[in-house]
Amino acid sequence: MDQNVLKLAAAQAAIAYVPIDTIIGVGSGSTVNFFIAELAKIAHRIKAAVSSSDASTALLRQANIEVTTLNDAGPLSVYVDGADEITPQLAMIKGGGAALTREKIIAAASDKFVCIADQSKLVDVLGTFPLPVEVIPMARSYVARELVKLGGHPAWRMKDDKAIVTDNGNWILDVHGLLISDPIELESWINQIAGVVSNGLFARRGADIALLASTDGVKTLTCTAVPQGTSNRIVTETR
Ligand code: 5RP
C-alpha cells in the first residue's frame with residue numbers, strides 16, 4: 001500500500017485526540033503535514049497551535065490556524081508528531097527533518113504526546129535510523145569525536161555540499177552504527193557532551209500514545225501513566 005495512504009490514516013486517527021478549545025503542539029515531517037491538513041478541517045475547534053518548525057508554521061498559517069509561541073501558550077494539552085523509529089515501549093528516534101530540539105521542547109511541555117506513523121517505523125531496538133544530534137557549529141568536530149567514543153559513526157548532515165542549518169542556526173550530526181539497548185541512558189549521556197544542543201532520542205519523554213497505520217488498520221499503543229524517564233513503561237495495544 002502507498003506509504004502516503006498509511007500516513008494519512010495515522011493523521012486522521014490523531015484528530016480524535018485534539019481537545020476542543022485548547023492550544024495544541026504540532027510537530028514536523030511528512031506525516032504531520034497530513035495531520036495539519038486534517039486539522040485545517042476543524043480549525044474552528046482549537047484556539048491555536050505551537051509549531052516545532054518554520055515549515056510546519058507556514059503550513060499551519062496557510063490552513064488559517066493561529067500559531068502562537070510556547071511562552072505565550074503555557075502547558076499544552078497534546079502534542080502530535082511523527083517519528084523516524086519507535087519501540088514497543090514508545091521510545092523514539094526523531095529529527096530526520098532536523099527539527100528535534102523544538103520538538104523535544106514542545107513534547108516536554110505537553111500533557112500528552114501522540115506519535116503518528118506508519119507501522120514500518122516500529123522497531124525492537126532503536127539505531128538503524130542514524131541518530132540526529134544538533135550541535136553548536138564550533139563544537140561539531142569535538143562532539144563527533146565524543147560520539148565515536150560511544151561506538152557511533154557520526155556524519156555531518158549536508159545537502160549539495162552545504163551544511164544543513166537548523167531553525168536554531170545549528171548543525172546536525174547523524175550518528176550511524178548505534179544499537180541502542182538503553183535509550184534513556186544514552187539520551188542523557190549524549191546531552192552531557194559540551195556543545196550538544198539536543199539529541200534525537202525521545203526516551204525520557206517518550207510518546208504516551210502511538211497510532212501506527214498498516215494495511216490492517218491503525219493500531220493504538222497506549223502507555224499507562226508511569227513517571228516519565230522510567231524504563232518499565234507498560235504499553236497496551238488496541239486496534
Ligand atoms: C522531524 C521529525 C519527524 O517527525 C520524523 O523525521 C518523521 O518524519 P516523517 O513523518 O516524514 O517520516 O522528527 O524532525
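A salt bridge links D174 with R157; the closest basic N to acidic carboxylate O contact falls under 4.0 Å. Using a cutoff of 4.0 Å between basic side-chain nitrogens and carboxylate oxygens, R102 and D54 are scored as salt-bridged. R204 has no carboxylate O lying under 4.0 Å from a charged side-chain N of E185, or vice versa, which leaves the two without a salt bridge.
Contact record, H153 with G177: CD2-CA, 4.2 Å, taken as the closest heavy-atom pair. For the pair I65 and A43, the tightest heavy-atom approach, listed with the atom from each and the gap, is CG1-CB, 3.8 Å. Shortest non-hydrogen contact noted between A207 and C223 is O-CB, 4.1 Å. Pairing each heavy atom of S214 with each of Q119, the nearest pair is CB-CB, 3.9 Å. Considering all non-hydrogen atoms of both residues, I46 and P19 come closest at CG2-O, 4.2 Å. Contact record, P132 with P130: CD-O, 3.2 Å, taken as the closest heavy-atom pair.
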* To do: Step by step, work out the side-chain hydrogen bond (donor to acceptor under 3.5 Å, both in side chains) result for S56 and S51.
  => CA-CA 6 Å; S56 289; S51 165; 4.6 Å; no
* To do: Dump the intermediate steps for side chain to side chain contact (heavy atoms under 4.5 Å, CB included) on M158 and K162, then the final yes or no.
  => CA-CA 5 Å; M158 316 269 265; K162 286 206 177 99; over 6 Å; no
* Trace of the side chain to side chain contact (heavy atoms under 4.5 Å, CB included) decision for S77 with K112 -> CA-CA 6 Å; S77 55; K112 192 176 280 176; over 6 Å; no
* **Worked verdict on K94 versus D81 for salt bridge (charged side-chain N to carboxylate O under 4.0 Å, His left out)** => CA-CA 9 Å; K94 292 184 45 52; D81 199 357; 2.8 Å; yes
* Under the side chain to side chain contact (heavy atoms under 4.5 Å, CB included) rule, what do V50 and T68 come out as? Steps first, then yes or no, please. => CA-CA 5 Å; V50 173; T68 188; 3.9 Å; yes
* To do: Show the numbers, then the answer: is there a side chain to side chain contact (heavy atoms under 4.5 Å, CB included) between V114 and L211?
  => CA-CA 7 Å; V114 177; L211 302 172; 3.7 Å; yes
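One hydrophobic cluster, built from ILVMFWY side chains closer than 4.5 Å, holds both V143 and L186. There is no path of hydrophobic side-chain contacts, each under 4.5 Å, that joins F34 to I209. Under a hydrophobic clustering in which Ile, Leu, Val, Met, Phe, Trp and Tyr are joined whenever their side-chain heavy atoms come within less than 4.5 Å, directly or via other members, W189 and V148 fall into different clusters. Linking Ile, Leu, Val, Met, Phe, Trp and Tyr whenever their side-chain heavy atoms come within less than 4.5 Å puts V67 and L39 in one cluster. No continuous path of hydrophobic side-chain contacts links M92 to L126 [ILVMFWY only; heavy atoms under 4.5 Å].
To the nearest 0.5 Å, atoms CG (L100) and OG (S198) are separated by 4.0 Å. One finds the OG atom of S30 at 3.0 Å from the NZ atom of K7 (value rounded to the nearest 0.5 Å). In this structure, CG on D208 lies 11.0 Å from OH on Y17, to the nearest 0.5 angstrom. The CG atom of L60 sits 8.0 Å away from atom CD1 of I24, with the distance rounded to the nearest 0.5 Å. Of the inter-residue distances, the one linking L122 atom CG with L221 atom CG reads 6.5 Å to the nearest 0.5 angstrom. For the atom pair E38 CD and N33 CG, the distance stands at 12.0 Å (nearest 0.5 Å).
Judged by distance alone, the side chains of K47 and T22 never bring a donor and an acceptor atom under 3.5 Å apart. A donor-acceptor contact under 3.5 angstrom links the side chains of E134 and T166, judged on distance only. A side-chain donor from one of T69 and D72 sits under 3.5 Å from a side-chain acceptor of the other. A side-chain donor-acceptor contact under 3.5 Å links S120 and D118. Using a 3.5 Å distance cut-off with no hydrogens or angles, the side chains of R61 and T57 do not pair a donor with an acceptor.
For the pair I193/L147, a side-chain contact is recorded, criterion being any heavy-atom separation below 4.5 Å from C-beta on. A heavy-atom distance below 4.5 Å is not found between the side chains of I36 and Q62. Side-chain contact between V125 and T87 is absent, with no heavy-atom pair separated by less than 4.5 Å. Side chains of E103 and Y79 form a contact here, defined as non-hydrogen atoms less than 4.5 Å apart. Residues Y142 and E146 have side chains in contact (heavy-atom distance under 4.5 Å, counting atoms from C-beta outward). L212 places a side-chain heavy atom less than 4.5 Å from the side chain of I86. Residues I116 and V80 meet the side-chain proximity criterion, which asks for heavy atoms closer than 4.5 Å. For the pair V133/I172, no side-chain contact is recorded, criterion being any heavy-atom separation below 4.5 Å from C-beta on.
For W156, the ring-ring contact (aromatic ring centres under 6.0 Å, His included) partners at least two apart in sequence or on another chain are W171.
The cationic atom of K104 (NZ for Lys, CZ for Arg) lies less than 6.0 Å from the six-membered ring centre of F202 and within 45° of the ring axis.
Panel note: side chain E85, backbone F129; a donor-acceptor pair is recorded below 3.5 Å. Side-chain atoms of N168 do not come within 3.5 Å of backbone N or O of N170 as any donor-acceptor pair. The main-chain N or O of G95 is found under 3.5 Å from a side-chain atom of D84 such that the two form a donor-acceptor pair. With hydrogens and angles disregarded, a donor-acceptor distance shorter than 3.5 Å links the side chain of S110 to the backbone of I106.
The 12-atom threshold is exceeded at CG of D21, counting heavy atoms of other residues, nucleotides or ligands nearer than 6.0 Å.
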